[in-house]
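The structure follows.
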Amino acid sequence: MISIVIPALNEEKLLPDCLRSLRNQDHAGEYEIIVADNGSTDNTADIARQFGARVITCSEEKSVFYARQVGADAASGDIIAQADADTVYPEDWLRRIAEKFASRPEVVAITGRFVYRKSPWWAGCEYFLRRFGNWITSLFGPPVVISGATLAFRRWAFESLNGYRGLTYSADQIGITNRLSKLGKVIYDKDLYVITSSRAVQKPVYVIIRDLFGHLSRWVLFSIREQMRSAHRFTWKTRPRRLATSLLSILVFVVSFSSYGYFSPSSPVFGKVYAEENTKNKVVALTFDDGPNEPYTSQILDILAANNIKATFFVIGKNVELYPDIAKRIIAEGSVLGNHSYSHDANHALTEFGAKDLEKNQETISNTLGVLPYLYRPPHGKKSPWELQAIKKLGMIEVTWSVSANDQHIFAVFGHPTPEIFAREIVKGVDPGAIVLLHDGYGTQHDNAKADRSLTVKTLPLIIAQLKTKGYSFVTVPELLNVPAYIGGIVGALPVSSSAANR
Ligand SMILES: [Zn+2]
């Protein structure tokens, strides 16, 4: 008998698919499904019962590990399989688990892998790193990359080790497998895969990387602590394993440190980046990325003019070619124009291409508008050694931001946010010297839903009013950082066409 334990807190949306897939298992033996309801206020419990699951209510403590423990305590199978409500299980999942345990008595736990239902672009890289990590560590001991959504163990082993209780790190993954490995083998089966929702990764990439960085740092600390603890048991037999773990820790640290440098808008790993100004004065710089993009850029300029405020626009070369008059208007009205690359390629920073692309935009802006921007902002805030070298060579500086209610994030959290919510998310992040990221465009696109920046246009007056009430005054990025706006000043006359000047 196998007991599948699923912790659930308000999972009415995703739970039906999960339970349906667990009902459809081709495993011939007996199995039960236990849903440990961790205090849901929606229909989670009813849905679970409809699918024939046993529902155990446990709301004393809001925690996945606690729910997993309560579910496991109620299990009657000799094998317990951990599952997740946002995950779908191939029909051979249970059969594979049962067969492995039956044929290998020395095995106490089996783990597998997950794939995302909707894969982000970097998923392939993640899958590779996971498999690589498990392949290396499996040579010496238990795998390190455990998916909590697909992990099964023998109940006697689990119980004799006190379950998840007292585990302080990654209780339902590394924590429990480390514990179980004292009683037998923990194996990794790459074919024991499950399909998990991508809700964990529907965030801006830099947030994912920041979380990952924190996660990996905790893992490195955990590994070091474990090794110190076992130092007195040092033998030649344990040496290769510990050497491998140490090397892997260093590798992981180097990779995540570089990722942090690449993705995090304020990380100085590859060179100096200006994300805000250190000041006590209540000044703030509003910046707009990805324009010009009509009609929104013009509408934003109208709002700024009505409030007598200047801002900084990081423009894309292709968009300048499309809307040269709007770009001219930005300069003519005293706002500042910065370089945001020529083509806004998502992977611009991975190769030397990014450096060429930003140089090309300097040329485009200079030829079209007669100015050479001093400020560069990389697309998505991703930074690389090539780009930082290029901006040094061109005599520019790199500017990112300290505040953003970045659109992807705000849409993920709030669905369709109102201007009030959007303004609140921005204003609450502003400190003296802040650089605020807003968008008047969406890459080089102009006619799809994402390029529709009417929300920004509606939100801007609220942001301005609320910050004014708090005592803030508005400056351009060059004023904030006390640097020039353009290299060599504004060169030549700026012919502003009548259509742009008369707005
Ligand atoms: Zn951008």
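In this chain, residues are counted from 1 in sequence order. Atoms within each ligand, like the ligands themselves, are counted from 1 in listed order. Side chains included, hydrogens not; waters and symmetry mates left out as well; all remaining heavy atoms used.
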Query - N/O/S from His439 sitting under 2.8 Å away from the Zn ion (ligand 1) - result: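 Under 2.8 Å: His439 has no N, O or S contact with the Zn ion (ligand 1).
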Query raised in the report: Does His344 bring an N, O or S atom to within less than 2.8 Å of the Zn ion (ligand 1)?
Result: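 It does: His344 brings an N, O or S atom closer than 2.8 Å to the Zn ion (ligand 1).
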Requested in this report: Report the angle formed at the Zn ion (ligand 1) by atom NE2 of His340 and atom OD1 of Asp290, rounding to the nearest 10°.
Outcome: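 Taking the Zn ion (ligand 1) as the apex, the two atoms subtend 80°.
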Query - Contact summary for Tyr472 and Asp431, nearest pair of heavy atoms - result: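 Looks like OH-C, 3.2 Å.
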Query raised in the report: Can a cation-pi geometry be assigned to Lys62 and Tyr66, taking NZ or CZ under 6.0 Å from the six-membered ring centre and within 45° of the ring axis?
Result: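 Negative - Lys62 is either too far from the ring of Tyr66 or too far off its axis.
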Query raised in the report: When the ring centroid of Tyr164 is compared with that of Phe65, is the distance short of 6.0 Å?
Result: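 No, ring centres 6.0 Å or more apart.
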Query raised in the report: Counting backbone and side-chain atoms alike, does Asp289 have an N/O/S atom under 2.8 Å from the Zn ion (ligand 1)?
Result: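 Checking Asp289: none of its N, O or S atoms is under 2.8 Å.
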Query raised in the report: Can you tell me if Asp452 and Tyr442 form a side-chain donor-acceptor pair at under 3.5 Å?
Result: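 Looking only at side-chain atoms, Tyr442 and Asp452 do not form any donor-acceptor pair under 3.5 Å.
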